[in-house]
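Throughout, residue positions are numbered sequentially from 1 according to the sequence presented. Values in this document were obtained by computation on a predicted structure and should not be read as measured data.
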Amino acid sequence: MIIITIMIFHMTVRSYPMMRKTHLAARRAWRRLRPRLNSCFVGASSGPGHEDRSEDPSAVSAEKPPHMPVMLKEVLQYLDIQPAQVVLDMTFGGGGHTKAILSTVPEVTVLALDRDPTAISLAQQLAKEHFGRVKPMLGRFSELEDLLSNMNVKPGSIDAVLLDAGCSSMQMDEAERGFSLSKDGPLDMRMDGDRYPDMPCAADVVNTLDQQALASILTAYGEERHARKIASAIVEARRVSPITRTQQLASVVAGSFPPAVLYARKDRLNRPAHVATKTFQALRIFVNDELNELHAGLRAAQTLLKPSGRLCVITFHSLEDRLVKRFLRGDDLSNLDHFSQRKQGTKKENLSHEKSDGSVYWLPLRRKVITPEKDDVKENPRGRSSKLRAALRR
């Protein structure tokens with residue numbers, strides 16, 4: 001577990017410039033903590049939320065209505081899927097988008113990918129209802145090309161790709177997964193922890209990394225202005241008792257702010273937002289390596305789409321949207337700071353940043369980002385922060 005945890009943290013740090021400045025500090029922290037981890041309560045192999053989930057995952061859909069797909073009308077419009085085409089749904093989730101595609105386009109085939117075994121169980125059920133038209137694939141974006149190769153799906157053979165980034169409603173609704181700060185559960189946050197039981201969970205991160213490393217994660221992945229204050233509160237709290245529950249962490253974060261500030265932040269519907277929201281986002285992104293995976297998914301889509309094939313990408317926060325925007329305009333993401341807004345420079349410097357070989361691959365279907373309509377937000381508040389970018393493969 002120790003080796004895997006260190007590798008994941010160091011790979012993420014090296015991938016993003018903002019994290020490099022804390023690389024040495026984090027490495028020293030891990031070196032000091034290695035002896036403790038051998039007997040530590042947060043061993044990821046039996047980490048929080050790793051209780052037996054052998055029961056049928058379909059119980060999720062049986063107990064609750066299916067989640068509402070975000071910007072469904074816009075996705076169908078910009079993908080413009082034709083009969084008998086092959087579509088890749090890179091984030092099957094609850095299957096809302098795939099079901100709509102199957103019901104509106106005759107003889108279409110959907111390749112349904114998800115890293116979450118629960119989602120793939122639902123995809124397998126749908127495949128039984130639509131024999132030969134749905135092909136479930138369990139894996140991450142970074143594993144996609146190998147999965148398709150095993151199915152004899154060749155590069156340049158896909159007609160349309162949908163990528164719906166971030167955390168699904170099913171994951172948020174299940175307290176035992178540890179994603180939601182409003183529901184008490186084990187501090188897990190792994191999207192595919194059952195597949196990789198040795199993968200570090202959120203409790204491993206908050207209880208083992210030092211204050212500087214924690215602050216850098218909150219800054220980079222949560223864009224949290226009070227990262228140092230929150231990291232200090234976490235370190236102080238874990239000295240008293242290990243932080244193993246979601247609401248325990250939420251309370252620790254809240255305790256670092258005056259009471260009047262707790263709900264001073266507002267969401268896009270002008271509703272009070274908990275001060276720990278960005279902390280939870282940062283930990284989830286870090287634990288699941290979401291930005292690296294998103295970049296891998298975009299590269300895979302570029303390889304797999306036919307000329308004139310269409311791509312729709314839905315994001316839910318600025319980190320994802322910036323990455324997608326820069327990928328589609330051809331920026332070199334290998335040395336790009338994904339997190340902060342690009343520093344202002346001369347017009348010539350900015351143009352040199354934006355021009356690269358990648359720009360020849362994509363033609364935007366709409367210049368500006370697409371956001372949900374007001375009625376859609378009222379009907380599905382969870383989609384309020386979503387953004388859609390659509391492009392044509394050149």
Side-chain angles (χ1 to χ4, degrees), residues 42 44 47-51 53 55 57 59-70 91 93-94 96 114-119 122 164-194 199-207 217-218 221-224 230 233-234 237 242-257 262-263 265-269 271-290 314-317 319-320 377 380-386:
V42 287
H50 197 66
E51 297 86 0
R53 295 196 199 129
E55 64 271 15
V60 174
S61 60
E63 294 174 2
K64 298 173 182 173
H67 82 289
M68 296 181 63
V70 175
T91 39
D114 208 291
R115 66 189 290 179
D116 190 335
T118 300
L122 299 178
D164 185 357
C167 189
S168 73
S169 293
M170 293 189 305
Q171 291 164 337
M172 293 294 295
D173 288 336
E174 191 176 352
E176 293 302 303
R177 303 294 296 272
F179 289 99
S180 175
L181 62 82
S182 63
K183 299 179 181 181
D184 189 39
L187 189 57
D188 192 331
M189 299 194 190
R190 295 172 294 179
M191 292 182 178
D192 48 5
D194 288 344
M199 174 183 172
C201 62
D204 294 315
V205 176
V206 299
N207 288 288
I217 289 171
L218 299 183
Y221 299 112
E223 299 181 300
E224 174 57 72
I230 294 170
I234 290 172
I243 302 171
T244 61
R245 309 287 296 182
T246 54
Q247 292 197 344
Q248 182 186 5
L249 175 60
S251 296
V252 169
V253 175
S256 64
F257 291 88
L262 292 186
Y263 287 96
R265 295 178 177 178
K266 305 290 184 181
D267 65 17
R268 289 178 181 267
L269 295 180
R271 301 179 305 184
H274 197 283
V275 291
T277 300
K278 291 185 177 181
T279 297
F280 273 64
Q281 172 187 303
L283 290 172
R284 191 202 80 217
I285 292 173
F286 178 75
V287 165
N288 294 289
D289 198 17
E290 289 182 31
I314 300 173
T315 59
F316 289 87
H317 55 76
L319 300 178
E320 294 172 339
V377 171
N380 184 15
R382 282 186 174 175
R384 62 189 178 274
S385 61
S386 60

Shortest non-hydrogen contact from Val275 to Val253? O-CG1, 4.0 Å
CG of Leu249 to CD1 of Ile230, rounded to nearest 0.5 Å, is 9.0 Å
Of all heavy-atom pairs linking Ala250 and Leu181, the shortest is CB-CB, 4.3 Å
Between Asn207 and Ile243, is there a donor-acceptor pair closer than 3.5 Å when you use the side chain of the first and the backbone of the second? yes
For the atom pair CG (Asp204) and CE (Met189), what is the distance rounded to the nearest 0.5 Å? 12.0 Å
Gap separating the CZ atom of Phe257 from the NE2 atom of His274, nearest 0.5 angstrom: 10.0 Å
Taking all heavy atoms of Gly222 and all of Lys278, pick out the closest pair and write down the distance. O-CD, 3.3 Å
Heavy atoms of Arg115 and Asn288 approach each other most closely as NH1-O, 3.1 Å
Nearest 0.5 Å please: distance from the CD atom of Glu224 over to the CD1 atom of Ile217. 13.5 Å
Would Val287 and Arg190 count as a side-chain contact (heavy atoms from CB on, under 4.5 Å) if you check the C-alpha gap in whole Å, the side-chain angles of each, and the deciding distance to 0.1 Å? CA-CA 7 Å; Val287 165; Arg190 295 172 294 179; 3.8 Å; yes
Which distance, rounded to the nearest 0.5 Å, do you find between the CZ of Phe179 and the OG1 of Thr246? 11.5 Å
I need the Leu187 CG to Phe280 CZ distance, nearest 0.5 Å. 6.0 Å
If I compare all heavy atoms of Val206 with all of Ile234, which pair ends up nearest, and what's the gap? O-CG2, 3.6 Å
Please walk me through it: do Asp114 and Met191 pass side-chain contact (heavy atoms from CB on, under 4.5 Å)? CA-CA 10 Å; Asp114 208 291; Met191 292 182 178; over 6 Å; no
Donor-acceptor pair, side chain of Glu176 and main chain of Pro186, under 3.5 angstrom: no
Considering all heavy atoms of both residues, which atom of Gly93 and which atom of Ala119 are nearest to each other, and what is their separation? O-CB, 3.4 Å
Working note: Leu319 + Gln281, criterion side-chain contact (heavy atoms from CB on, under 4.5 Å); need CA distance, chi angles, decisive distance, verdict. CA-CA 11 Å; Leu319 300 178; Gln281 172 187 303; 4.2 Å; yes
Candidate pair Ile285 and Glu320, rule side-chain contact (heavy atoms from CB on, under 4.5 Å), full reasoning: CA-CA 10 Å; Ile285 292 173; Glu320 294 172 339; 5.9 Å; no
Spell out, as yes or no, whether a donor-acceptor pair under 3.5 Å connects the side chain of Ser385 to the backbone of Phe316. yes
Expected output: side-chain Gln247 to main-chain Ser182 donor-acceptor under 3.5 Å: yes
Between Ser180 (side chain only) and Ala175 (backbone N and O only), is there a donor and an acceptor less than 3.5 Å apart? no
Looking at side-chain heavy atoms only, is the closest gap between Asp116 and Asp192 below 4.5 Å? no
